[in-house]
Participant: 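Quick one: the structure is below, and I'll ask about it shortly.
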Amino acid sequence: MLGTAAAFALLWAMAFPVEATTTGDPVTYQAATAQAWGSDQTAAATEGSDEDDGSAAGMTPEQQALMDEDADWSARANLYHAGGGGATGNDSLGCRPIAMRTVATDPRYIPRRTRLFIPETVGMRMSDGSTHDGYWYASDTGGAIRGQKIDLYTGHGRGSMQPAMRFNQRRLTIVDAGRFDGCPPSWDSKPSQATMMASANTSVGSR
């Protein structure tokens, strides 16, 4: 009897294959805005930034202060990328998306041009061997992003998602780190250090 049931289940599966998409896998930005699951999904992985590399010990005073603050928002994160059926063109501010910096949000929940600090991403090991400082920039939006959801832009190609894979479909805490003008800064511009210098100059001038 068991053999008959198993054979029937096999025949049923062959006749009606289950669509190989799950809501737990990363999706492209294009697919997300269309509110549909495409074939360009990234498989789940265990590699990436799961390990604690101790980089949090080298945080700046500003980072430490933001770490100690209560979260202003909480949102479930999704990953998106450019190329291979992913996002194309500029973000909603007309800026070129910056890998591991640009975030798409629902502006009714997290306003555009908000500089975000996501504590969970501090120390994330990136593909070039450097570590993330925790700063992200709300400069994009998407049709499928509603309420407590954010999309983290990882770069070009599905492989760019690998360092941030542990954060996909995970609820993250977000601290408001102020506003930014223009476009999200590139990694070469060291935004956290620039902000620290500006803060230090203001403090010295006010004494």
Side-chain angles (χ1 to χ4, degrees), residues 22-38 40-42 44-45 48-50 63 66-67 69-82 86-126 131-158 160-180 182-187 191-192:
T22 62
T23 56
D25 288 341
V27 297
T28 65
Y29 183 61
Q30 194 173 57
T33 55
Q35 298 182 355
W37 305 109
D40 192 35
Q41 296 180 8
T42 302
S49 55
D50 285 323
Q63 286 173 300
L66 291 169
M67 275 282 197
E69 286 190 21
D70 292 332
D72 293 291
W73 301 284
S74 174
R76 184 171 298 280
N78 185 64
L79 309 182
Y80 74 106
H81 64 86
T88 59
N90 296 333
D91 62 24
S92 65
L93 293 179
C95 300
R96 178 174 60 88
I98 303 298
M100 302 297 181
R101 283 290 192 219
T102 297
V103 180
T105 68
D106 179 348
R108 297 169 300 181
Y109 184 61
I110 299 176
R112 284 192 303 177
R113 295 199 176 280
T114 302
R115 185 168 176 251
L116 309 175
F117 184 77
I118 304 179
E120 292 91 338
T121 64
V122 173
M124 175 182 69
R125 182 71 62 182
M126 296 190 289
T131 56
H132 205 286
D133 56 12
Y135 293 99
W136 298 78
Y137 295 78
S139 64
D140 208 356
T141 59
I145 305 172
R146 292 288 181 265
Q148 298 181 19
K149 295 181 181 180
I150 59 173
D151 278 10
L152 306 178
Y153 177 71
T154 61
H156 191 276
R158 290 183 294 173
S160 69
M161 293 178 168
Q162 188 61 52
M165 190 63 69
R166 67 175 299 197
F167 304 117
N168 187 57
Q169 300 302 314
R170 175 179 170 186
R171 183 165 288 277
L172 303 177
T173 54
I174 305 170
V175 179
D176 187 346
R179 300 276 292 173
F180 69 92
C183 295
S186 67
W187 281 96
S192 57

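Throughout, numbering of the chain's residues begins at 1 and tracks the sequence. Note that the structure is predicted; figures quoted are calculated from it, not measured.
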Participant: Which atom names give the shortest non-hydrogen contact between P185 and I98, and what distance separates them?
Facilitator: O-CG2, 3.7 Å
Participant: Looking at S92, is its backbone amide N or carbonyl O close enough to the side chain of D140 to form a donor-acceptor pair, meaning the two atoms are under 3.5 Å apart?
Facilitator: yes
Participant: List the atom of G123, the atom of T131, and the distance in Å for their closest heavy-atom pair.
Facilitator: O-CG2, 3.9 Å
Participant: Give me the atom names and distance for the closest heavy-atom approach of L116 to A177.
Facilitator: C-CB, 4.4 Å
Participant: Side chains of S74 and Q148: do they bring a donor and an acceptor to under 3.5 Å?
Facilitator: no
Participant: For T102 and L152, indicate whether the former's side chain and the latter's backbone hold a donor-acceptor pair under 3.5 Å.
Facilitator: no
Participant: Quick check for you: to the nearest 0.5 Å, what is the distance between R115 atom CZ and L66 atom CG?
Facilitator: 7.5 Å
Participant: To the nearest 0.5 angstrom, please state how far the OG1 atom of T173 sits from the CD atom of E69.
Facilitator: 11.5 Å
Participant: Can you check whether S160's main-chain N or O pairs, donor with acceptor, with H81's side chain at less than 3.5 Å?
Facilitator: no
Participant: Residues in side chain to side chain contact (heavy atoms under 4.5 Å, CB included) with R179, at least two apart?
Facilitator: P111, R113, T114
Participant: Suppose we screen for side-chain hydrogen bond (donor to acceptor under 3.5 Å, both in side chains). Which residues come up paired with D106, at least two apart in sequence or across chains?
Facilitator: R108
Participant: Return the CZ to CZ distance between R112 and F180, rounded to the nearest 0.5 Å.
Facilitator: 9.5 Å
Participant: Given H132 and R101, is the side-chain contact (heavy atoms from CB on, under 4.5 Å) satisfied, shown in steps?
Facilitator: CA-CA 9 Å; H132 205 286; R101 283 290 192 219; 3.9 Å; yes
Participant: Restricting to side-chain hydrogen bond (donor to acceptor under 3.5 Å, both in side chains), what partner residues turn up for R96, sequence neighbours left out?
Facilitator: none
Participant: Looking at every heavy atom in both Q63 and F117, which two are closest together, and how far apart are they?
Facilitator: O-CZ, 3.9 Å
Participant: If you compare all heavy atoms of Y153 against all heavy atoms of A82, which two are closest, and at what distance to 0.1 Å?
Facilitator: OH-CB, 3.3 Å
Participant: For Y137 and D91: C-alpha separation, side-chain torsions, deciding distance, then whether side-chain hydrogen bond (donor to acceptor under 3.5 Å, both in side chains) applies.
Facilitator: CA-CA 11 Å; Y137 295 78; D91 62 24; over 6 Å; no
Participant: Output the distance between atom CZ (R170) and atom CD (E120), rounded to the nearest 0.5 Å.
Facilitator: 5.5 Å
Participant: So does Q169 get a backbone contact from the side chain of R76, meaning a donor-acceptor N/O pair under 3.5 Å?
Facilitator: yes
Participant: Provide the closest heavy-atom pair for A75 versus I174 in the form atom of the first, atom of the second, distance.
Facilitator: CB-CD1, 4.0 Å
Participant: Measure the spacing between CG of L79 and CZ of R166 and express it to the nearest 0.5 Å.
Facilitator: 12.5 Å
Participant: Is D151 reaching over with its side chain to a backbone N or O of Y80, donor-acceptor style, under 3.5 angstrom?
Facilitator: no
